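Worksheet for the structure shown next.
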Amino acid sequence: MTGVLLNCLVLALCISAHRLLAVPGVEEDDGSADSASTLAFVFDVTGSMYDDLKQVIDGASRILEKTLSRRTRPIKNFVLVPFHDPDIGPVSITTDPKKFQQDLQELFVQGGGDCPEMSIGAIKKALEVSLPGSFIYVFTDARAKDFRLKRDVLQLVQLRQSQVVFVLTGDCGDRSQPGYRAYEEIAATSSGQIFHLDKQQVNEVRG
């Protein structure tokens, strides 16, 4: 994922981040924890992400930099939730953006052979450890295996008023499946978005 494709993805996500951070009625940072939020990245590190992980991490790092440069709503802490089949975590929580950047760069692929993954549980974990009004970015190439947790996630989204943005480099080839429809419902309920960047496009750009 290089050149124009990565730049377009980062631009779209930065626009999204700008919209999410520019929350009406929120004043400049006054030091109050009530006005602060969490920036959380939920990362698929299964074997199928091998070709894309480094490039997606680079894109996520640039999103982090852009988000930190826009201080309309202050970011109090950073959460990283990697997931692979069948495990979620370990979860990283820090107030230091440099440590968060380091944790991002140290991600590596592990496990996972089938396409649906444990993504909804990872989103649930990110919401549970994040502050209210936070911003969750989900990076994966698969629909959800654990879509039955969708109701719990939707309740958390409504309770915490957080927003979830999906960056998909795949969806297992069938967007009518409940594992993909769960993403649509979570994005819609949280006023988030779904960005699609399938592997065929990645290969075409590389070629």
Side-chain angles (χ1 to χ4, degrees), residues 1 6-7 9-23 25-46 49-50 52-84 87-110 118-140 153 156-157 159-167 169 190-193 195:
M1 190 192 312
L6 178 58
N7 290 335
L9 172 62
V10 173
L11 176 60
L13 288 173
C14 288
I15 291 171
S16 170
H18 177 68
R19 289 173 178 169
L20 296 182
L21 291 169
V23 179
V26 176
E27 302 297 330
E28 292 295 324
D29 185 9
D30 59 1
S32 170
D34 292 338
S35 67
S37 60
T38 299
L39 177 64
F41 286 169
V42 177
F43 254 96
D44 181 349
V45 293
T46 53
M49 286 288 286
Y50 179 82
D52 299 337
L53 188 62
K54 178 62 168 64
Q55 290 78 16
V56 174
I57 288 172
D58 290 344
S61 297
R62 291 165 63 182
I63 295 164
L64 170 62
E65 293 169 3
K66 291 290 186 181
T67 301
L68 291 174
S69 70
R70 295 187 172 100
R71 300 294 292 180
T72 306
R73 183 165 190 168
I75 300 297
K76 182 178 179 63
N77 61 12
F78 306 89
V79 168
L80 181 62
V81 185
F83 67 92
H84 61 94
D87 299 321
I88 296 170
V91 177
S92 168
I93 305 174
T94 181
T95 57
D96 183 355
K98 292 183 178 178
K99 175 64 165 60
F100 185 58
Q101 183 81 269
Q102 179 182 339
D103 290 342
L104 264 179
Q105 296 297 330
E106 291 178 353
L107 288 175
F108 61 93
V109 296
Q110 50 185 314
M118 308 296 283
S119 50
I120 303 298
I123 297 168
K124 180 173 179 287
K125 175 61 68 174
L127 287 163
E128 288 172 344
V129 301
S130 296
L131 295 167
S134 292
F135 316 108
I136 318 292
Y137 286 86
V138 184
F139 300 86
T140 183
V153 168
L156 278 170
V157 161
L159 176 66
R160 295 181 175 269
Q161 294 297 296
S162 292
Q163 295 171 292
V164 183
V165 173
F166 293 86
V167 181
T169 58
S190 68
S191 299
Q193 298 181 66
F195 293 96

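In this chain, residues are counted from 1 in sequence order. Predicted model only: the values in this text are computed from it and were never measured. Every heavy atom of this structure was used, including side-chain atoms; hydrogens, water molecules and symmetry mates were not.
- The shortest side-chain heavy-atom distance between Val129 and Ile93 falls under the 4.5 Å cut-off.
- Considering only heavy atoms from C-beta on, Val91 comes within 4.5 Å of Val79 through its side chain.
- In this structure, CE in Met118 is found 12.0 Å from CD1 in Ile123, a value given to the nearest 0.5 Å.
- Here the shortest heavy-atom pairing between Arg160 and Glu128 reads NH2-O, 3.4 Å.
- With contacts defined as side-chain heavy-atom distances shorter than 4.5 Å, the pair Val164/Val157 qualifies.
- Thr140 is listed as a side-chain neighbour of Phe83, based on a closest heavy-atom distance under 4.5 Å.
- Smallest separation of non-hydrogen atoms from Gly192 and Val165: CA-CG2, 4.4 Å.
- Using modelled atom types, no side-chain atom of Thr38 and backbone atom of Ala40 make a donor-acceptor pair closer than 3.5 Å.
- Checked against the 6.0 Å centroid threshold, Tyr137 and Phe43 do not count as a close aromatic pair.
- Note: Phe41 and Phe139 have perpendicular aromatic rings, judged against thresholds of 30 and 60 degrees for the angle between ring planes.
- Under the 4.5 Å side-chain criterion, counting only non-hydrogen atoms from C-beta, Ser119 is not in contact with Val42.
- Taking all atoms of both residues into account, the shortest heavy-atom contact from Ile88 to Ala122 is CD1-N, 3.4 Å.
- Remark: of the listed residues Glu106, Lys99, Gln105, Glu106 is the sole one forming a side chain to side chain donor-acceptor pair (under 3.5 Å) with Gln102.
- Between the side chains of Thr95 and Asn77, not a single donor N or O lies within less than 3.5 Å of an accepting N or O.
- Partner of Ser92 under the side chain to side chain contact (heavy atoms under 4.5 Å, CB included) criterion, chosen from Leu107, Leu80, Val81: Leu80.
- Taking the six-membered ring for Trp and the full ring otherwise, the centers of Phe195 and Phe166 sit at least 6.0 Å from each other.
- Panel note: side chain Ser134, backbone Leu131; a donor-acceptor pair is recorded below 3.5 Å.
- Residues Leu64 and Pro97 approach most closely at CD2-O, 4.1 Å, considering heavy atoms.
- Here the shortest heavy-atom pairing between Ser190 and Gln163 reads O-CG, 2.9 Å.
- In this structure, the side chains of Ser162 and Phe135 stay at 4.5 Å or more apart for every pair of heavy atoms.
- Taking both residues in full, the closest heavy atoms of Asp44 and Thr46 are given as OD1-OG1, 2.6 Å, listed atom of the first, atom of the second, then distance.
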Derivation of the side-chain contact (heavy atoms from CB on, under 4.5 Å) call for Lys76 and Ser37: CA-CA 6 Å; Lys76 182 178 179 63; Ser37 60; over 6 Å; no
